[in-house]
Enquirer: 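I have a structure I would like to understand better, so I am pasting it below and will then ask my questions one at a time.
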Amino acid sequence: MLLQAEQLTKIYQSDKGAVYKALDEFSIAIEEGEFVGIMGPSGSGKTTLLNILATIDIPTSGSIALHGQELTTLSKRKLSLFRRRQLGFVFQDFNLIETLTIEENIALPLVLDGIAVKDIEDRVQEVAVELGIQSILKKRTYEISGGQQQRVSIARAMIHEPSLILADEPTGNLDSKSSTSVMHSFSQMHEHKKTTMLMVTHDPFCASYCQCIIIIKDGKPYTELHKGNNQQAFFQKVLDTMSLLGGHMNDIATIHT
Amino acid sequence: MTLLRFTLNNVRRSKKRYLAFFLSSTFVIAVFYVYLLFMLHPSDVINNVVKIIQVLMIAAEFLIFMFAFMFIWYTMNTFIKSRSVEFGMFMMLGMTKMQLNRFIFIETMMIGCLSIVTGIVSGTIFSKLFLMIMSQILNGDQSFSFYMPYTSIVITCVVFIVLFVFISLITSFTNRNKQIIDLLQAHKKPRRFPTFSIWLMLLSAACFIGVYKLAFTSNFVEIVLYSIPILILPMIGTYFLYTQFCMLTIYLLKRRKSFMYRKISLLTISDLAYKLKDNARVLLMLTMVNLFSLIMLCVNFGHLWTTENYVKLLTPVAIQISNEVLNHADDLDQASWTKVINIVGETLKDEQVEFIKEHVNLLHVIYEGYDANYNKIVLPDNFQTIRVMSHSDFNTLAEILDKDEITMSEGEYVQFLPPPYTEDVVSSKLMEGVYFEHANMLVGQQTFSLTRKGVTEDIVLNEFPIANVLEVIKLEIDVFETIIVHDDTYDQLQQAGASTQWVSIFHIDNWIGHLNTILYIQEQFKAVEEIEVTTTAEEYYVNKQLNGTGTFITLFISLLFFIACGSILYFKIYNELERDTTHYRKLFRIGVTLQEMKNVFSIQMFILCFIPFLMATILTFFALNLYQTVYYDLLCVSSVSVLGVFFLLHVVLYFILRYKCFTVLRRVI
C-alpha cells in the first residue's frame, strides 16, 4: 500500500460559529502504480481532500501515511522537504513560476535538492522528449499555450520521480483539444513509468482515463467505479453515475465526443 | 458638471489615495525650501559660509532639486500607473485623450500647489527649530534669528510649479499611445524578462569616461565651469549601470548552469533581475543621496578635524601686524607703530603668554608674470602687486617658526606653496596661470627680471587668511602674494624706490591655549584702518565655525534624504511582496522551505541595499581624489569614519527590509 489515509475529517468553522464538514471520516488507500480519479459535485470535498493529501492543509482529525510514514505529525520544514521529494503536483492554473524559463521551471525540484548539474540537464532533456516539449525549453511561460504549460507542469511534477503525483483539475483551464493531449500525456506517463497518480476532476471525459474513480459526496465516499478494457464504455458509466448523483448537469463541464 | 468640478470632486472624495503622493511632494519641497532659506539667510556667519563654499552649496541645492525632480516624477509615475484601470474606465465611458490629459493636469497641479503651500509652511516651522539648534551649536550665536524669507518662498513656488507642470506634461506624453485595453489590463500583463542593450551600456561607459575627462584634466576654473555636466553625467551613467550592466551580469550568470542550478541561486538570481529593474530609479536616488552625503560630510569632517593643523600651516604666525602700505603709508608714523607693537607686547606679558617678537620689512612691487615660454599671464586687478621678502629675513622667521631655511642666488625668487600641494601641482593643468616661471618687477622706470628657483612649503607669514576670502572674491581688497628673493636683489629693489611695509610678528607656541587673549588683542585693532592684524586664532575660529555649520547642514540633509529614499524602497518592496504572494505560494506548494525562501530574500535585500552604497563609495573616492588635488591631503580618516556611519545606516535599512520580507513570507505559508 503506497498511500493510506484513515478517517480524514476536516471541519471549517466560520467566525459566527457555523460548522461545515468538508470531509467526514473519509478513508482512501492507493496501491503503487494506480491511476485514481476523484469526482464529485461542487462542494463535495474533493479539493479539500487533495489539499490534505498534498500536505498543504491539515485535517481536523485522521491520519495519512505514505510508504507507512505518518505525515500529519511532521514539522513544517520536513513537510516541505517531503513535498519536494515524494510528491509531484499538477494544478488547474499550471502554477509555473513566471520568472523562470520553461527549462528552469522543470529543473526546479532537482535544483532545490542540490542534484549535480549534469544529471539535472540529462533528466530535463529526457522528460522533455517524452512529453514532446523539447522545442520550447528556452521559452518563457507567457510565450507558450495553456496545453503546453500544463505539459510543462507535468514534466516538473515527474522529473524527480516522486512516489505520488497529485493533479487538481488539470484540464480545467484548457480547451478540449489541449485537454485530450494533456490527458494523453498523463496516461502515457502512467503506462511507461508506472507512476502512481491521483487526479481530482469533474470532467467525465478526463476521468475516463483513470483506472478507478472514487466518487465523493458531502465529504463521504459515494461509490467507486472501475474501468474494464473499454474506455468508451467506462466514460458512459461515469456519465450515468454523475447524472444519478443528482443531475447537476452544470457539474459536468464538457461532453467530449 | 464640468471637468474641473469632476476632477475636484474626484480628489476631494478619495483623499486617502492621494495622500502618499501629496506627502512625499510636501516632504521634498520642505527640504528644498529649508536649504534655500539657509542659503539665503542674511546673518553674517551664514553669509561667510555661503560665499566661501558657494559653489558647493549651489551644487548641493541643484542636487536637491534633481532629487526632488526624480522623486516627484517617480511617485507621480507609480501613482498614475496604479490607476490605469480607472483611466481605462474613463476612456471607455467616452472621455477623450485631451480630457484625460486635462484631468491629470488639473489633478497634479492641485495636489502640487497644495503640497507647495504645506511644504513651505512646514518648512518655515521646521527651519525655526533648525536655526535654533544651529545657534546653540555655534556658541550661542544670536545671529541665526528667524526671518521671513520672501525670496526663498518665491523661488520655491516658481521652481516647483514649473516642475509640476513639466511632470504632468511628460506623463501625458508618455501615455499618449496607450490603448484602452492596455490600461484596463495593466496589472495582468506578463512581466517580460529584463533585457539589456549594448548601446545603453556604451552610453553609460561614455558618461563615466566623459566625467573623468572633464574632472581630471581640467584646471580649477574649468571644473567650476563644467560643474553641471560633472554632476549629471555620473547620474546617467549610474542609472544605465543599474539597468544594463546588472542585467548583463544576470544574463551571464543565467547562462552558467553550474552556477544557476545550485540550490537557491536559481530563484535568487531570476527574481533579482526583476527587482533590480523595477527599483533601478530608487536605487539611483539612493546612490545620489549617498554620494552627496558622503562627499559633503567627508569634506566637512575632514576640514573640521584638521582645522588646527591646517591653520598652523597656512597662517603660522600667532599674531602678525602690518601697516597698510599702499594707501595709507603716510598716515602711520614710526611712533604710533611702535606704540601699537608695545601695546600688544604688554598685553601678552600681562596675560603671561610666552612669545617671541620679530620684525621684518617687506617691499611692495608691481609685477608681471610669465610662463616658461615667456607668455604673459593675465592677472586679476587685485593681484597686480607682489610683496618681496629678503631671503635672510625668511631664514630668521623660519628659525623662529621651526621651519627649514633656504639658500638662493641673485636673480632668483621662491614662491610659497600652500599645503598640501606638491611641486608637481605648480606645473599642472589645474594651477594653470597661478604659478609663473618668470617675473618682471617694475619699480619706477626700472625693470628687474627674475626667474623662479622653486617653491617652498614653509610658509612664514599669514599669507592666506580665509577670513578675508570674501573680500578677495568680491575684488574689494588687494591680494599680495609674497615672494622671496636674494638679499642683493632686495637691496636693489629698495634702492630703486620700492615702498616698504612693516611687519611685526609675535610667535606664540601655545596659541591654542590663549585663543581668547589673542582674539581680544585683534579685536582692539579692528577699528584702526592703518594696520592689519591677522592671527592664527581667528583663522582657527572662523574655520571651525564654517566647517561646523557645513557639517551640520549636510548631516541634516543627508539623513532626511536617506530616510526618504529608504522609505520609498521599503514601500516598493512591500508592494511587490504583496503583489507576488501567489508566486510565493506556488513555490511553497512545490516544496520550497521557509528557510530557503528566507535565504533568497536575504541575498536579494543585501544586494538591493548595498549596491547603491558600494557605487556611491566608489564615486566618492573618485570625487575626493579630485578634491584632494584642489585642497589638501587630510581626508582619509574622515572619509573612513563617515563611510562607517553610512555603512551602519545601510545595515539598519537592510535588516528592516529583510524583516518585512520575512513577516510577509510567514503570513503567506
Side-chain angles (χ1 to χ4, degrees), chain A residues 50-51 54-57 75-91 93-101 103-124 138-144 149 153 156-157 159-160 162 166 168, chain B residues 185 187-195 247 250-251 253-278 576-577 579-601 604 665-669:
Chain A
L50 194 81
N51 283 343
T55 71
I56 52 183
D57 200 352
S75 70
K76 269 195 171 172
R77 194 187 124 74
K78 285 238 174 78
L79 273 181
S80 283
L81 293 176
F82 166 79
R83 280 201 295 276
R84 184 197 288 175
R85 289 175 189 150
Q86 304 287 338
L87 299 182
F89 293 98
V90 180
F91 299 98
D93 49 0
F94 323 132
N95 265 352
L96 295 179
I97 311 296
E98 282 163 19
T99 56
L100 302 178
T101 62
E103 190 182 13
E104 289 163 350
N105 258 293
I106 300 175
L108 189 60
L110 295 183
V111 171
L112 288 172
D113 242 8
I115 309 288
V117 176
K118 188 80 191 74
D119 294 345
I120 296 179
E121 286 183 314
D122 290 348
R123 291 285 302 133
V124 170
K138 298 287 173 203
K139 295 204 168 170
R140 306 196 59 89
T141 52
Y142 50 82
E143 292 171 321
I144 61 174
Q149 290 203 39
S153 67
R156 187 179 64 186
I159 189 148
H160 51 304
L166 299 168
D168 183 11
Chain B
Q185 294 185 344
H187 303 294
K188 289 177 198 150
K189 267 192 222 150
R191 295 202 287 164
R192 305 255 153 215
F193 193 76
T195 49
M247 294 312 134
I250 286 171
Y251 172 76
L253 280 178
K254 278 185 81 106
R255 284 201 346 189
R256 284 196 41 202
K257 289 267 158 63
S258 55
F259 173 78
M260 280 303 277
Y261 282 0
R262 201 178 303 140
K263 298 220 150 191
I264 56 169
S265 323
L266 185 60
L267 292 175
T268 316
I269 299 295
S270 345
D271 276 4
L272 190 62
Y274 291 97
K275 287 223 162 66
L276 277 173
K277 187 91 180 177
D278 290 348
E576 278 166 24
L577 282 171
R579 187 188 64 199
D580 294 342
T581 42
T582 43
H583 174 79
Y584 305 126
R585 215 164 268 143
K586 282 180 199 171
L587 289 171
F588 278 120
R589 282 194 193 169
I590 294 169
V592 180
T593 60
L594 181 63
Q595 191 54 48
E596 277 164 345
M597 280 315 287
K598 278 183 174 175
N599 292 345
V600 168
F601 276 114
Q604 286 175 349
L665 276 182
R666 267 191 219 102
R667 210 189 55 216
V668 166
I669 309 173

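Within every chain, numbering begins at 1; the chains are lettered A, B, ... in the order of the sequence lines, protein sequences first and strands thereafter. Everything numeric here is computed off the predicted structure, so don't read it as measured data.
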Enquirer: Applying ring pair (Phe, Tyr, Trp, His ring centres under 6.0 Å), name anything that partners F588(B), two or more places apart in sequence or on another chain.
Expert: none
Enquirer: Would the number of heavy atoms belonging to other residues, nucleotides or ligands and lying under 6.0 Å from CZ of R667(B) be above 12?
Expert: yes
Enquirer: For L587(B) and H583(B), what are the C-alpha separation, side-chain angles and deciding distance, and is it a side chain to side chain contact (heavy atoms under 4.5 Å, CB included)?
Expert: CA-CA 7 Å; L587(B) 289 171; H583(B) 174 79; 4.0 Å; yes
Enquirer: Please evaluate residues D580(B) and D271(B) with respect to the criterion side chain to side chain contact (heavy atoms under 4.5 Å, CB included), reporting the C-alpha separation (whole Å), side-chain torsions for both, the decisive distance (0.1 Å), and the verdict.
Expert: CA-CA 11 Å; D580(B) 294 342; D271(B) 276 4; over 6 Å; no
Enquirer: Report, as yes or no, whether the 6.0 Å neighbourhood of atom NZ on K139(A) holds more than 12 heavy atoms from other residues, nucleotides or ligands.
Expert: no
Enquirer: Can you say whether Q86(A) sits under 4.5 Å from chain B via the side chain, the backbone, both, or neither, judging by heavy atoms?
Expert: neither
Enquirer: Could you check whether any side-chain heavy atom of Q604(B) comes within less than 4.5 Å of a side-chain heavy atom of F601(B), counting everything from C-beta outward?
Expert: yes
Enquirer: Report yes or no: does Q149(A) contribute a side-chain atom to a donor-acceptor pair with the main-chain N or O of T141(A) at less than 3.5 Å?
Expert: yes
Enquirer: Got a sec, which residues hit side chain to side chain contact (heavy atoms under 4.5 Å, CB included) with D122(A), two or more places apart in sequence or on another chain?
Expert: K118(A)
Enquirer: What part of R156(A) is in contact with chain B, defined as an atom under 4.5 angstrom from a non-hydrogen atom: side chain, backbone, both or neither?
Expert: side chain
Enquirer: If you take all heavy atoms of R85(A) and H160(A), which pair is closest and at what distance?
Expert: O-CD2, 3.6 Å
Enquirer: Identify which part of I120(A) has an atom lying under 4.5 Å from any heavy atom of chain B, answering side chain, backbone, both or neither.
Expert: side chain
Enquirer: Does any heavy atom of chain B fall under 4.5 Å from the side chain of L96(A), the backbone, both, or neither of them?
Expert: backbone
Enquirer: Highest number of heavy-atom pairs under 4.5 Å with chain B: which of L110(A), L81(A), I97(A), I56(A)?
Expert: I97(A)
Enquirer: Tell me which of these, D113(A), T55(A), L108(A), has more heavy-atom pairs under 4.5 Å with chain B than the rest.
Expert: L108(A)
Enquirer: Please flag which part of D93(A) lies under 4.5 Å from any non-hydrogen atom of chain B: side chain, backbone, both or neither.
Expert: neither
Enquirer: For F82(A), check ring pair (Phe, Tyr, Trp, His ring centres under 6.0 Å) against everything at least two apart and list the hits.
Expert: none
Enquirer: If you tally heavy-atom pairs under 4.5 Å against chain B, which of I115(A), L79(A), L112(A), V111(A) wins?
Expert: V111(A)
Enquirer: Heavy atom to heavy atom, less than 4.5 Å: which residues from residues 590-597 of chain B reach chain A?
Expert: I590(B), G591(B), V592(B), T593(B), E596(B)
Enquirer: Under 4.5 Å from any heavy atom of chain B, what part of A54(A) do you find: side chain, backbone, both or neither?
Expert: neither
Enquirer: Give a yes/no verdict on a cation-pi contact between R589(B) and F89(A), requiring under 6.0 Å between NZ or CZ and the six-membered ring centre and an angle within 45° of the axis.
Expert: no
Enquirer: Which atoms of K138(A) come close to chain B, meaning under 4.5 Å heavy atom to heavy atom: side chain ones, backbone ones, both, or neither?
Expert: side chain
